[in-house]
Amino acid sequence: MIKLLLPLFCLTILYGCSTKEITPQGYHPLSAAELNEEENFELCPDQAYSSCNHQFVLKKIGNTVINGDPAPAPTLKINLETDSISGYAHPYYYSAFMVKNGRKIKFKLIEFHKGKELSSYSITPQFQKMIETTRSYKLDGDNLYLFDAAGKELAEFISKSQSKLEYEWEGYCNALRSDSEGIIEKFQNGLTLGQAKSKMRTDQAINREFANSLFQKVSSTPFEEWEQIPDELADECMLGFLPPDIKMIPAFDREKNTLKNKLID
C-alpha cells in the first residue's frame, strides 16, 4: 500500500494538490506590429487592399457542419476599404463595423435584419453569438477560422471568390431595393396603381418586369405592411437563381443605384 502511495505523494510534492481544471492552450493572435506587410493584408490576398470585398462561406459553427441544406449556407463578406463586414445567415442579413489589429479582430455596431424565411431551419442564435464574441482570426489556405477571447475556435469559413455574374446580380438586387423604396413612398402619398402603370409606360428608369412584381406586391399587401415590400423584393432577388448569362440581368446604374428599362450591355 505504501508503495502505491509513494508515487502519488511525489507528484503532490512536485505539482501541488490543486484540482483546478487545466484549460487547453487556445489560439493567440498577433498584433499588426508583429506581422509583415503581406500578412497584414492577408484577408484579401488576390485583390488590391483599397478595393477589398472578400467573401467567405460558413463550413462549420461550433460542432455543427454546414452544407447549405435546407437553407443557404451563411456568408461573411469582409470589406477592408470600409472596415466592415456584411452577409447573410438565414433568414437574416447582417452588417457590422470591424476593428482589426493584425490578427486580432472584433465586430461592433452589429445589425441584423430579418429577410424572407425559406424554411424553418435556422442557426441564427449561434451565428449572432459567434459574430458578437469573435476576437481573432486565422487563415489556413482558403479556410478562415474565428476565435473567441480565450482562443477557442468559434467557426470555420471557406473563401469564395465572387464571379462577375454574382457581382452584377448583387448590384441589380440592390438597385431594385432602392427603386422600390422610392415608389412605395409615392404609393403611401396617394399614388394609385393606375397612375403608377401609366407612369411606367413613359418612365424609362423603371424596369417593366420589376414594376409588375412591385404592383403585384402592393395590390396583395395591406397598407401598413407596404414598407416591407422593398426588402421582400430584394430578398427574393438575392436568394433566387442566378440567370445563366450576364446579358440577361436587367441594366442598372451602379453609381445612382437605380434600374434601367433595358438589359445590361
Side-chain angles (χ1 to χ4, degrees), residues 21-68 72-89 92-113 123-124 126-171 174 238 254-255:
E21 182 180 351
I22 300 175
T23 304
Q25 187 176 10
Y27 174 67
H28 296 285
L30 300 179
S31 67
E34 298 172 294
L35 302 180
N36 59 40
E37 183 176 1
E38 183 179 350
E39 288 172 329
N40 266 313
F41 299 150
E42 64 188 357
L43 282 174
C44 292
D46 300 321
Q47 304 180 46
Y49 178 77
S50 62
S51 62
C52 170
N53 193 7
H54 201 46
Q55 179 166 291
F56 298 87
V57 177
L58 186 64
K59 286 181 61 178
K60 187 177 72 171
I61 184 166
N63 294 321
T64 304
V65 177
I66 308 299
N67 57 17
T75 58
L76 173 72
K77 293 182 181 179
I78 296 178
N79 191 323
L80 291 181
E81 182 179 11
T82 60
D83 287 328
S84 63
I85 64 168
S86 61
Y88 175 75
Y92 287 84
Y93 292 93
Y94 66 90
S95 61
F97 286 101
M98 178 173 60
V99 179
K100 182 178 178 293
N101 178 13
R103 294 194 178 105
K104 301 175 182 178
I105 196 167
K106 180 180 180 180
F107 307 123
K108 64 178 184 177
L109 300 179
I110 305 166
E111 294 184 357
F112 284 85
H113 164 72
I123 60 166
T124 299
Q126 302 98 302
F127 195 86
Q128 290 190 15
K129 183 178 180 180
M130 178 269 294
I131 290 293
E132 292 166 355
T133 56
T134 290
R135 293 296 180 270
S136 63
Y137 79 91
K138 179 177 71 174
L139 279 172
D140 183 5
D142 289 333
N143 292 343
L144 168 69
Y145 299 88
L146 299 182
F147 304 88
D148 65 13
K152 178 183 178 181
E153 183 183 315
L154 298 173
E156 177 184 357
F157 292 79
I158 187 167
S159 174
K160 180 182 183 297
S161 299
Q162 192 176 42
S163 68
K164 177 68 172 177
L165 178 63
E166 292 171 327
Y167 177 73
E168 293 296 336
W169 185 252
E170 181 181 56
N174 288 331
M238 291 291 290
R254 188 178 293 277
E255 184 176 340

Shortest non-hydrogen separation from H54 to L43 and the atoms involved: CD2-O, 3.1 Å
Euclidean distance, L76 CG relative to S86 OG, rounded to 0.5 Å: 8.0 Å
Plane angle bin for F112 and Y92 - parallel if under 30°, tilted between 30 and 60°, otherwise perpendicular: perpendicular
Where I158 and K59 come nearest, the two heavy atoms and their spacing: CB-CD, 3.6 Å
Chi angles and distances behind the side chain to side chain contact (heavy atoms under 4.5 Å, CB included) call for L146, F157: CA-CA 8 Å; L146 299 182; F157 292 79; 3.8 Å; yes
Gap separating the OG atom of S84 from the CG atom of N79, nearest 0.5 angstrom: 4.5 Å
Atom of N40, atom of L35 and distance for their closest heavy-atom approach: ND2-O, 3.6 Å
Nearest heavy-atom neighbours spanning M98 and I78: CE-CG2, 3.8 Å
Check: K104 main-chain N/O paired with N101 side-chain donor or acceptor under 3.5 Å: no
Side chain to side chain contact (heavy atoms under 4.5 Å, CB included) between I131 and I85, worked out: CA-CA 10 Å; I131 290 293; I85 64 168; 4.2 Å; yes
Separation between CZ of F107 and NZ of K100, rounded to the nearest 0.5 Å: 11.0 Å
Atom pair CD (E153) and CG (D148), whose distance is rounded to the nearest 0.5 Å: 10.5 Å
Audit row: I123, L58, side chain to side chain contact (heavy atoms under 4.5 Å, CB included) steps and yes/no: CA-CA 11 Å; I123 60 166; L58 186 64; 3.8 Å; yes
Working for side chain to side chain contact (heavy atoms under 4.5 Å, CB included), residues F56 and T75: CA-CA 6 Å; F56 298 87; T75 58; over 6 Å; no
Minimum-distance pair of heavy atoms, taken over all atoms of M130 and I61: CB-CD1, 4.0 Å
Heavy-atom pair of closest approach, residues T124 and A89: OG1-O, 3.9 Å
Flag if over 12 foreign heavy atoms under 6.0 Å of CD, E39: yes
Derivation and outcome, salt bridge (charged side-chain N to carboxylate O under 4.0 Å, His left out), residues E168 and R254: CA-CA 9 Å; E168 293 296 336; R254 188 178 293 277; 3.4 Å; yes
N/O donor-acceptor pair under 3.5 Å between Y27 side chain and Y137 backbone: yes
Distance flag, aromatic centroids of F127 and Y94, threshold under 6.0 Å: yes
Atom pair CD (E156) and CG (N143), whose distance is rounded to the nearest 0.5 Å: 4.5 Å
Salt bridge (charged side-chain N to carboxylate O under 4.0 Å, His left out) between R103 and E34, worked out: CA-CA 10 Å; R103 294 194 178 105; E34 298 172 294; over 6 Å; no
F97 six-ring face occupied by K108 cation (under 6.0 Å, within 45°): no
CG-CZ distance between L154 and F147, expressed to the nearest 0.5 angstrom: 8.5 Å
